[in-house]
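Heads up: the structure comes next, in structure tokens.
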Amino acid sequence: MRRTALTALCLSLLSATATAQPEVFFGPGEPPEFREADMDKRFLRSRVNQALNQGTSDANCAQLVGALLTMLGETAPTLHKRDENFYVDPMLLQVLGTQLSTPRFPANIYFVSMVRRVLIDKKLSDEWLKTAEALAPYYPAMDLDKLRFLATGVKPVDSFLFTLPALRDRYEVEVTRANATVSGTAEALFRDNYLDHEVAFGGLEFVDAKLEKPKKKRLKKGEEPEAPALVAHLLWYLPVPPEQRSMIVLDYGKPKKRPSVNITARLLDSQFLDLARVPKGSRLMARGRLWEFKKAVTEVELRDALLFQDRDWSQGANLADPNAVAACPLAFNDLTGLAPVQPGGFGNRR
């Protein structure tokens, strides 16, 4: 039996994809298969899992369980099939170490065990979802839409490394800067390598969404015209170059338009996010199939897309009071004991 281990990777690691080839993004082989190991069986008997299944009436433990479920929801949209790794926002990774961990409770091991449990079962359990729904009124940061999405089954993207910035970087390297020996076929090869993948693009600004009729086109014999669909329009703004961040710019008259990528997302009929309650300008994540791009990846089209809120955690995250976690009787290491070196699923690469 192949033993799998999960590694939570921070955003800083994604910079390595600037020189990546397609197989680095999507992996060379089949998706990993998650099988139950001894640690997974111990987790099923743990106090934390009991609280996830049954809830807790202890106010201190409610903070711990609520924070762990909040983090699980934030991880859900970017679970991928490339390998055993999963993505955790750097600020939330810091929360694990500073707010949820104590000398007797290694929160990272429990969180990895939670993610493994979902991947082994191929869904979030109904019991965990009920506990999350009961705690959600006390945890504004908890995204129930993402947890409900996970409760319908794990639907991994092809690779969380394959971001919109990475797509644009690869186009610059492989097409724009292609030398004369391959320039004639570079774009066609790029399309073969990168289109038709399941992606999760975050940090998008919501422009609007409406029911739209597809553009008229000549149909092939036997081809049916596309039905009208709900289409969302979003923007991803290009980051400000480092050399311009400290510049003082005096602009007069009409403000300059920020460079951006226009994203058109043809949405699935059923959405977890209530779009009627999403104001323009909200920060969203779009999950879907990368269908088309135009104009050197300044226009992108997604199909069969789902939209989720995409919180910006960069300004900090306060998910639990460390003193409350320390006072919680659940926060005791009943997985690995008190060994000096605790095995875990987190790795750091520099």
Side-chain angles (χ1 to χ4, degrees), residues 73-74 76-80 123-124 129 133 136 140 142-158 160 162-165 167-168 171 191 194-238 257-312:
E74 294 304 297
T78 54
L79 292 175
H80 70 176
K123 68 184 293 289
L124 179 76
L129 181 60
E133 290 172 339
M142 185 184 293
D143 194 329
L144 281 177
D145 293 330
K146 292 172 183 172
L147 291 171
R148 286 167 179 154
F149 161 71
L150 201 56
T152 63
V154 174
K155 303 175 185 67
V157 295
D158 286 343
F160 69 68
F162 190 47
T163 61
L164 187 52
L167 174 65
R168 287 175 52 83
Y171 187 90
R191 288 177 173 275
Y194 296 107
L195 284 182
D196 203 31
H197 283 286
E198 292 292 333
V199 298
F201 291 162
L204 312 180
E205 180 182 296
F206 179 58
V207 177
D208 210 347
K210 60 181 179 178
L211 193 66
E212 294 183 5
K213 295 181 180 179
K215 294 180 180 179
K216 292 183 179 180
K217 66 175 183 177
R218 181 173 295 179
L219 300 176
K220 298 178 182 178
K221 186 177 180 180
E223 185 180 6
E224 295 291 333
E226 288 184 310
L230 186 62
V231 176
H233 296 275
L234 309 109
L235 292 174
W236 180 78
Y237 292 104
L238 275 63
K257 188 176 181 181
R258 289 178 61 187
S260 61
V261 176
N262 295 305
I263 298 163
T264 302
R266 186 182 175 96
L267 304 179
L268 289 171
D269 293 336
S270 179
Q271 295 284 315
F272 296 91
L273 179 67
D274 184 359
L275 290 178
R277 301 179 64 181
V278 180
K280 296 179 181 179
S282 297
R283 178 183 163 112
L284 299 181
M285 171 182 286
R287 275 184 48 114
R289 184 158 288 273
L290 181 58
W291 189 259
E292 180 60 287
F293 68 84
K294 298 177 182 177
K295 300 179 182 179
V297 198
T298 58
E299 296 181 7
V300 172
E301 181 181 356
L302 304 180
R303 293 286 182 96
D304 300 328
L306 291 170
L307 298 182
F308 294 99
Q309 293 284 353
D310 188 25
R311 283 197 61 174
D312 181 5

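- Scanning all heavy atoms of the two residues, the minimum distance from Val157 to Thr78 falls at CG2-O, 4.1 Å.
- Glu212 meets the salt bridge (charged side-chain N to carboxylate O under 4.0 Å, His left out) test with no other residue; sequence neighbours excluded.
- For Glu301, the side-chain hydrogen bond (donor to acceptor under 3.5 Å, both in side chains) partners two or more places apart in sequence, or in a different chain, are Arg303.
- Annotation for Ala265 and Leu234: closest pair CB-CD1, 4.1 Å, computed over non-hydrogen atoms.
- The structure places CG of Leu124 at 14.0 Å from NZ of Lys146, a figure rounded to the nearest 0.5 Å.
- Side-chain rings of Tyr171 and Tyr194 stay apart, their centers remaining 6.0 Å or farther from each other.
- Annotation: side-chain hydrogen bond (donor to acceptor under 3.5 Å, both in side chains) contacts of Lys155 (sequence neighbours excluded): Thr152.
- Take Asp269 and apply the side-chain hydrogen bond (donor to acceptor under 3.5 Å, both in side chains) test, not counting sequence neighbours, and it matches no residue.
- Looking only at side-chain heavy atoms (C-beta outward), Leu147 and Met142 come within less than 4.5 Å of each other.
- Legend: residues meeting salt bridge (charged side-chain N to carboxylate O under 4.0 Å, His left out) with Asp310, ordered by chain and number and at least two apart, are Arg283.
- The two atoms that bring Arg287 and Pro156 nearest to each other are NH2-C, 4.4 Å, heavy atoms only.
- Across every non-hydrogen atom of Pro228 and Leu211, the tightest pair is C-CD1, 4.2 Å.
- Expressed to the nearest 0.5 Å, how far CG of Leu167 lies from CH2 of Trp236 amounts to 10.0 Å.
- Annotation for Leu230 and Ala209: closest pair CD1-C, 4.3 Å, computed over non-hydrogen atoms.
- Listed here is the closest heavy atom pair of Ala232 and Leu307: CB-CD1, 3.8 Å.
- Take Pro259 and apply the side chain to side chain contact (heavy atoms under 4.5 Å, CB included) test, not counting sequence neighbours, and it matches Leu238.
- Note that CG of Leu267 and CG of Leu302 are 9.5 Å apart. Values are rounded to the nearest 0.5 Å.
- The side chain to side chain contact (heavy atoms under 4.5 Å, CB included) test applied to Leu268 returns Gln271, Asp304, Leu306, not counting sequence neighbours.
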Next item on the list: For the pair Leu284 and Gln309, evaluate side chain to side chain contact (heavy atoms under 4.5 Å, CB included) and give the outcome as yes or no after the intermediate values.
Entry: CA-CA 5 Å; Leu284 299 181; Gln309 293 284 353; 3.9 Å; yes
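- Every residue meeting the side chain to side chain contact (heavy atoms under 4.5 Å, CB included) condition with Lys295, not counting sequence neighbours, appears here in chain and number order: Thr298, Glu299.
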Anything under 3.5 Å between a donor and an acceptor, one on a side chain of residues 196-208, the other on a protein residue two or more places apart or in another chain? List them.
residue	atom	partner	partner atom	Å
Asp196	OD1	Arg289	NH1	2.9
His197	ND1	Asp158	OD2	2.7
His197	NE2	Asn193	O	3.1
Glu198	OE2	Arg289	NE	3.0
Glu198	OE2	Arg289	NH2	3.0
Glu205	OE1	Tyr237	OH	3.4
Glu205	OE2	Tyr237	OH	3.3

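- With sequence neighbours excluded, no residue forms a ring-ring contact (aromatic ring centres under 6.0 Å, His included) with His233.
- No donor-acceptor pair closer than 3.5 Å links the side chain of Arg266 to the backbone N or O of Ala229.
- When the ring-ring contact (aromatic ring centres under 6.0 Å, His included) test is applied to Phe272, the partners found at least two apart in sequence or on another chain are Phe149.
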